[in-house]
Structure formats: structure tokens, C-alpha cells
Amino acid sequence: MNAKWLTTPKEKVQQLQEKLGHAAKTSKRRRFHALYDKVHRKDVLQEAWRRVRANKGAAGVDGETMVAIAKIGDDQFVAQCQELLLKKSYRPQPVRRQYIPKKDGRKRPLGIPTVRDRVVQMATKLIVEPIFEADFQECSYGFRPKRGAKQALERIRKACNRKGNWVVDVDIQGYFDNINQEKLMKLVEIRISDRRILKLIRQWLGAGVMEEGQVRRSDLGTPQGGVISPLLANIYLNYFDLLWEKYGKEVGELTRYADDFVVVCKTRKDAQHAFKLIQTIMERLELTLHPEKTRIVGLWTGEEGFDFLGMHHRKTKAETGQKRIYYTTQQWLCIKAEKHVREVVKDRLAPPKMRHVSFQEHVDWLNLRIQGWKNYYATPYSTKWMTKLDWYIRQRLTKWYAKKRQRSNWRGSGHEVKILSQMHGLKTLI
């Protein structure tokens, strides 16, 4: 039997992506004109549905849930999506707006596209992403295949240790809501000339948001919660990366993760020059820097530091074997990240409804998160903070246990919980 019949949709899509990526890398000026027929390929839509289903998520404005689709059947649902695309009768629905309450009393807006829209966006992303990946710069790490926050943090650490004593810490105000759609489309058109793909993207940009029964449309921003939004956001800021490579490389090293970025410079003068250059490029992109969150930080004396991707970065004194003093860049979890860890643990163990849950169930739940936090936040310099959090987790577990046992003095249960934690295999952050 021919080997090609044995490949799964996932493998077929990977092969297609490799071909597209190779073609884009080989010819940096090539514009792709025949992509729509690949988006509605059955294997591409099957892989898109597999990924959307794995991410779970709620229903959009049409009320169609994952459970309802499961009743129709995967193949039937994929066939429906394919038919809409083939007949060119696919029209995206507005995004459902929902608000998630924040700890400070404010509400965070969340956009939920329909499941069908998420699948078609994912299929389009699978096809166009490898083309734009060929153009993305080394300094960009957010929402990209085989790249992540840990690599960005390591790049910053090394840049700071190479005499990088000044940092321009940048925050773009409301980035995803303020992208100029016309400029974005011009950047997309540099690589894609397939009118049907361009029409799809324009439709998503113009679909709008439904809130309290009213649809609100804007000519700014990318689709709220859309699968394709991070890619479009990277395409827009890649213009910044390219200009930085051309005009700013000599004054500082840029590291960008989506809309968050820092520039590490050697002198204060370089940092000030970098700041002005960033402002100039941002004006071209019609974006605004956050006046309070964008700043120049001096690392030289070790008195100042900056937060980036959940980590605090600061230069501190160290000593060589020959007793020579030098400064090295240390990273540990920032105050905001530490607070978030505490809130997650408290939200799990404090509510009265959690008292009926067994010790082992809590340990299993905590272990998953502890391992994740350890993988991300553990550095050679973070022991002090991780020890404090380990103590907090044990304290919260002790308070929960005392309430479960209806004891008024929780401290008296400490030794018992320590033994139970060892018995049930509670992990630690250090």
C-alpha cells in the first residue's frame, strides 16, 4: 500500500506547511495566489477542528456548542464547513462579548467567536502562518511555532549580561483594539494575493462584537478572541521589527513577545535614542505607548529592575572564585506573578464548598499547577520566593484541613498536614 494513504490529517497538514514555508523562504518577494483551495481541503479542516476541539471553549452568538457538534458527528460538521467554503457562502458571525470579573473590581472583556468561525480561522491560519513565519524576525517570540516565553527571557538575560545596563521597557496602549485594519491588510497583501483569502480576513476584521443584543463594528483592531488574531497582530508588529533591524539594531537589542517588548541598551544615551525611535515607528503604525508603563530603567547599580513575562529582572552583585566582584542579571517571579499564584491556591482551597473534596484530590490538582509554575518560574535565583510560596501552599492546605475537621485552631493541624502531604505526594516549587 502506498505510504501516503497511511498519513493522518495532522501529518498531511505538516507536509503542506513545510512546502509553503520553504517556498516563502526561497523567494522573499513571492506573493501567494492559490491558497483558498488549500483552506477548504478536507484534511486541513479536519486538523483545524481537532485543534479547536482540544482548546474547548464556549459557544458563540449562534449558541452552537461542542456537545451539539459531537451529536452531528465530526465528519458531518467538517463537511458542512467545507461546503460553505466551496460555495463561497461562508459568512462569519459577530463575536460574543463576555466580561470576566477581575480582582480589582474591574471587568476584563472576552470575545467568543462561534465554533464554526474558530474552525475556519484555524484552517486559514494553518495555511498562511508558514508563509509569514518566513518573514518574522529572530527577536519575536510570542504566539509562534516552536518559540516561547522562556526563550525570550533567556535572550534578555544574555543581552543584559553583555554590558546591557539600560532597558527601554515598552507597553502599547490597547494594542489589539487599536490596530489599523487598512494598514494591516496592506501588510498581509505583501505576501498574499489570493482575493478569496483576503476577503475572509476582511470579513473577520469587520464582523464586529455583539453585546446586549447590539452589534458594534469598528475599523480598528483584530477579531476579539479570534484564533487568527495573534498571527495578524504579529504581522502588524513585524513591520516594527523590520524597521528596528534596519535603524535600531546598533542602539539596542530588541526582544518582543506579542505586544510586549524591551530594548536592552549599553548606555543611557542609547536608551534615550531607542525610546525616540520606538515612538517614531509607533506613530507610523498609529499606536500609542502607555505613558505610565513605558519607561527607561537603569540596571547598572542594581537598585532598579523591570518586569517582563512574569519575571523580575535585576542586576545584582556576584563574586568569582578569585574574589572579584561583578554584576550579573538575575530573574525571579515578579510580584504580580507571585500574587497570581497565591490567588489560584486560595480560590481552590478557601471556599466552603471545597471542604468535601479529599486530600488526594486537592494534591492532584495542586501538583499539576505546582509543576507548571516550577517549570516556568524556577531559576537559580528564585529559591527565596519559591520557598515562600511553598510555605503559603502548605499553610492554605492546613487551614482547609482544619476547617474540614471542624477545628478552631488551624495551626495545631500543621504537623498532621505535613505528614499527609508527604504520604499523598504533594510536590514543592524548589
Side-chain angles (χ1 to χ4, degrees), residues 138-142 147-172 244 248 251-275 278 289-344 370 372-392 428-430:
E138 193 58 37
C139 62
S140 164
Y141 290 87
R147 288 182 152 241
K150 293 287 275 185
Q151 293 159 297
L153 291 167
E154 184 58 13
R155 179 182 165 98
I156 291 165
R157 190 188 68 79
K158 285 178 177 175
C160 291
N161 281 344
R162 285 195 299 270
K163 297 182 181 176
N165 294 313
W166 293 88
V167 172
V168 187
D169 181 13
V170 181
D171 187 279
I172 303 170
W244 190 264
V251 288
E253 187 171 311
L254 168 69
T255 303
R256 183 172 70 78
Y257 191 94
D259 60 323
D260 289 326
F261 62 91
V262 295
V263 176
V264 180
C265 307
K266 289 185 178 176
T267 66
R268 187 190 182 100
K269 191 179 174 184
D270 282 347
Q272 287 168 335
H273 180 51
F275 186 80
I278 291 163
L289 299 181
H290 197 295
E292 287 149 35
K293 294 180 183 176
T294 302
R295 62 198 186 109
I296 293 173
V297 182
L299 300 178
W300 179 242
T301 57
E303 288 166 24
E304 267 192 300
F306 66 97
D307 294 344
F308 187 70
L309 298 179
M311 300 294 272
H312 184 72
H313 305 68
R314 190 180 286 256
K315 285 205 173 183
T316 53
K317 281 181 184 176
E319 207 175 274
T320 66
Q322 287 79 42
K323 305 283 183 194
R324 273 184 61 236
I325 300 291
Y326 69 100
Y327 279 91
T328 186
T329 308
Q330 298 189 1
Q331 297 169 326
W332 58 81
L333 79 168
C334 66
I335 292 167
K336 193 176 172 183
E338 188 182 340
K339 198 177 167 187
H340 172 71
V341 170
R342 287 172 186 263
E343 281 171 358
V344 168
I370 289 167
W373 293 327
K374 188 175 181 175
N375 291 346
Y376 188 79
Y377 295 115
T379 71
Y381 309 105
S382 62
T383 311
K384 183 173 124 185
W385 287 268
M386 300 302 239
T387 305
K388 269 165 61 183
L389 285 171
D390 271 334
W391 178 84
Y392 179 79
T428 59
L429 288 160
I430 52 166

_I430 CD1 to T387 OG1 distance, which is reported to the nearest 0.5 Å_ = 3.5 Å
*Is R155 salt-bridged to E253, cutoff N-O under 4.0 Å?*
yes
*Measure across T329 and C160 and return the closest heavy-atom pair with its distance rounded to 0.1 Å.*
OG1-CB, 3.1 Å
_Min side-chain heavy-atom separation Y257-V262 under 4.5 Å_ = no
*In Å and rounded to the nearest 0.5 Å, what is the CE to OG1 distance from M311 to T379?*
5.0 Å
*Taking the side chain as every heavy atom from C-beta outward, state whether V341 and Y392 have any atom pair closer than 4.5 Å.*
no
*Please report the closest heavy-atom contact between A271 and C265, naming both atoms and the distance.*
CA-SG, 3.7 Å
*Enter the distance from L289:CG to D171:CG here, rounded to the nearest 0.5 Å.*
8.5 Å
*For the atom pair CD (Q330) and CG (N161), what is the distance rounded to the nearest 0.5 Å?*
10.0 Å
*Short question: side chain of R147, backbone of S140 - any donor-acceptor pair under 3.5 Å?*
yes
*Got a second to check how far R314's CZ is from D307's CG, nearest 0.5 Å?*
9.0 Å
_Would the distance check show the side chain of D169 and the main-chain N or O of R295 forming a donor-acceptor pair, the cut-off being under 3.5 Å?_
no
*Shortest non-hydrogen contact between V168 and I296, atoms and distance*: CG2-CG1, 4.4 Å
*Within the side chain of E154, is there an N or O that forms a donor-acceptor pair under 3.5 Å with the backbone of Q151?*
no
*Side-chain touch T428/I370, heavy atoms, less than 4.5 angstrom*: no
*Give a yes-or-no answer on whether the side chains of N165 and K315 include a donor-acceptor pair shorter than 3.5 Å.*
yes
*D270 side chain reached by W166 side chain, heavy atoms, under 4.5 Å*: no
*asked:* Counting C-beta onward and ignoring hydrogens, is there a side-chain heavy-atom pair between L333 and W373 closer than 4.5 Å?
replied: no
*Beyond-backbone contact of Q331 with H313, side-chain heavy atoms, under 4.5 angstrom*: yes
_Please give me the minimum heavy-atom distance between F275 and T294, naming the atom from each residue._
CE1-CG2, 3.5 Å
*Less than 4.0 Å between a side-chain N and a carboxylate O, is that true for R342 and E338?*
yes
_Exercise: identify the closest heavy-atom pair between F308 and L153_ = O-CD2, 3.6 Å
_Donor-acceptor check, side chain of K150 to backbone of N375, threshold 3.5 angstrom: yes or no?_
yes
_Going by ring-ring contact (aromatic ring centres under 6.0 Å, His included), W332 matches just one of Y376, W385, Y377. Which one?_
W385
*asked:* When you compare the side chain of F306 with that of L299, does any pair of heavy atoms fall below 4.5 Å?
replied: yes
_Between CD1 on residue I278 and NE2 on residue H273, distance to nearest 0.5 Å_ = 10.5 Å
_Flag side-chain contact, heavy atom, 4.5 Å: I156 against L309_ = no
